[in-house]
Amino acid sequence: MATGGRAALESFIRMNTVVLSMNRAAVRRRWIGVLALATLVATTFTSVGPAAAAPESAASDRQEQQLSARNGIVVSYVSFALPLPADAPAHPAACDRVGFLRYRSADGPENSADADHVVIQQQGLGGGAANSDSVAFNTVQSARSTGQKIEFWALARRSACLDEMAGFDYALQTGNYLDAADYYFNGKPIDGHTFPGFKTSADLPVLDFMGLERVVRDQYEIMLHEIPDQARRQQKFVCTGISLGGLVTGFFSDWDFDGASGADQCAAFAAQDSMISSDPVAIQNTPVLHALTDAIVGPTDGVVQAGFRAGVMPRIFGPAPMLGTKAFLLLRLAGLAAHLDPDGESQLLAHLPHDFDIDATLNYLFAPTWAAFTTNGADGSGSIRDYRFTNTALLGVLIDNNSTNFALFQQGVGALAGGPVQDKSFPNPGELTQLPLLGSYLRISAGNQTRVAPTDRTALYTWRNYDDVRGVPFTSPGHEVADIRDAARQLATGSPNAYWETYFPLRLVVDIGAGYGGARSGEMAGLKYHGMSRTKPNFVAFAGDSPVQASAGTLFPPPASARVVTLPGYDHIDTIGAAAIQNDGQPDYSGQQLAQFVGSLG
């Protein structure tokens, strides 16, 4: 290139560089101005514009009734108006209210929002709020001994509105347990009214509106009403559940409530002989599997739900032995008798009719051998009605881990006394549960303890309480952890809540099954999250004599970071029903360990 041309080119480049530099400076100044203006506008609108509205509870008309005050713990029943949808079938007015039993220190704050923490618990299959009376009391008491002021809320499912209470309320007034038995089974009038009869599945279409979505929504509405601020809820609440209640709590943690997960309402989670998960086999972790299972299980669940609404699917256990309407009422009546007349010779069974529900339940719970079971005692062994018991002994025979043949009902409440006994082999001997692998699953049927039955039809059998079993050959103090007097008092509970629900909704079990199967549409559309409970501190208390830890606890282990404890000598129900003081002089391990976990949250 010629010298003159090169000089002209260099001059052009220098000029454009200067211009470009000036433009960059101008552009920079312009953007700074724009950003400043944007910041000013955003700040202005943030300051004066309306904030996002916080959710408000649909619950109203809060009512609180104090029920008792003992050893520094106040127990009350708190309820709210929370009507069912307008298209719900006809139902008692009580079904438009929800509530819980509230346990708190008498010297603690009256406002729940001011408590250090609030334990909120879902009940197990068929369990009413009174199920958790012992663990609620013991947890608050243990926390109180270390300076914590916590509360324990034992939730009552809405289906408790259908409980049969009139006979119990009346008998608790008169002091005669036979008043209740005769009211329910022998036409005895109370205040001019006779019992109208037990409801059947066809009589209870309202239970179609009391599935999983209703149960978890009721819990959320209660939490939202009592502590409206979400940040405080997340700081205060410890969400927990016993047995099936643990499963429900797992679904609560992953349910969508006003755009946030249930886990966002809880500081931590605790399982009592259960697990907290809505997805135990991790279906939701694989998008293809998630879509496939929802495509299959979702529509199937829709068909099942239609079956409930059409009355084709049974809504309750109904006449089923052990878990049916009369079976649970039988246990409540036995508790009522033991509470009102503990040492009197029981007349309860003489006032109960011979029908399939009752006789099949009594036969299964009592039979010592397969021959006795298949003949209902006609093999010469005799049925339970052929023996004499005090009321406390009769209750013990029906629920004790060394007596009853149904593991779900077992508690370590003492030992049969007053006459000779024989070992039971129905449905299997307790010794078989010591077998590797298989033994863990055999516990599900009848527990892992030696069980005995009376043999002398002339003797009046009595009962030795949990703290009076030293020297008894078929048990030991380490496996007796619950006070039968507490069990009797709790079973005898009248209004506002029963120990066992009269009409437990089977739809809840079906919904849980659908959720575990992967359904995330239709009735399960609210289940928008998974694994949220694992993002919070977790506590698991397994019962040492229960099959849960060796079965479900092995197949679906707790989070690796969870604090896991085993309660030695405890049966399944003992995790919520143990005595305040154990045979070694220590506090109830279940309540104590839970209180320690709550205290560790700060």
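The structure presented is a predicted model; accordingly, all values stated were derived computationally and were not measured.
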| field | Check: Y516/D279 side-chain N/O donor and acceptor closer than 3.5 Å | value | no
| Salt-bridge present (K326, E164; N to O < 4.0 Å) | no
| More than 12 non-hydrogen atoms from neighbouring residues, nucleotides or ligands closer than 6.0 Å to CG on D87, yes or no? | yes
| query | Is the ring centre of F257 less than 6.0 Å from the ring centre of F252? | reply | yes
| task | Test R157 against every option in Q219, Q123, E501 by the side-chain hydrogen bond (donor to acceptor under 3.5 Å, both in side chains) rule and name the one that passes. | result | E501
| said: Is it true that N401 and D545 share a donor-acceptor pair across their side chains at a distance under 3.5 Å? | reply: no
| said: For the residue pair T575 / D273, report whether a side-chain donor-acceptor contact shorter than 3.5 Å exists. | reply: no
| Gap separating the CD1 atom of I190 from the CG atom of D169, nearest 0.5 angstrom | 8.5 Å
| request: Would you sort out whether R158 and D163 count as a salt bridge (charged side-chain N to carboxylate O under 4.0 Å, His left out), showing the intermediate values? | output: CA-CA 10 Å; R158 188 184 289 258; D163 284 343; over 6 Å; no
| message | As a test of understanding, state which of T493, L491, L336 forms a side-chain contact (heavy atoms from CB on, under 4.5 Å) with F168. | response | L336
| said: Looking at F137, I'd like to know if the NZ or CZ of R70 sits under 6.0 Å from its six-membered ring centre while staying within 45 degrees of the ring's axis. | reply: yes
| query | Under the ring-ring contact (aromatic ring centres under 6.0 Å, His included) test, which residues partner F198, sequence neighbours left out? | reply | F185, F195
| Any chance the side chains of Q592 and D588 put a donor and an acceptor closer than 3.5 Å? | no
| said: I'd like to know if the side chain of S346 pairs up with that of N391 as donor and acceptor (distance under 3.5 Å, no hydrogens or angles considered). | reply: yes
| said: Using the rule side-chain contact (heavy atoms from CB on, under 4.5 Å), only one of H225, R214, R217, R97 pairs with L82; which is it? | reply: R214
| Short side-chain donor-acceptor distance under 3.5 Å, R102 and S112 | yes
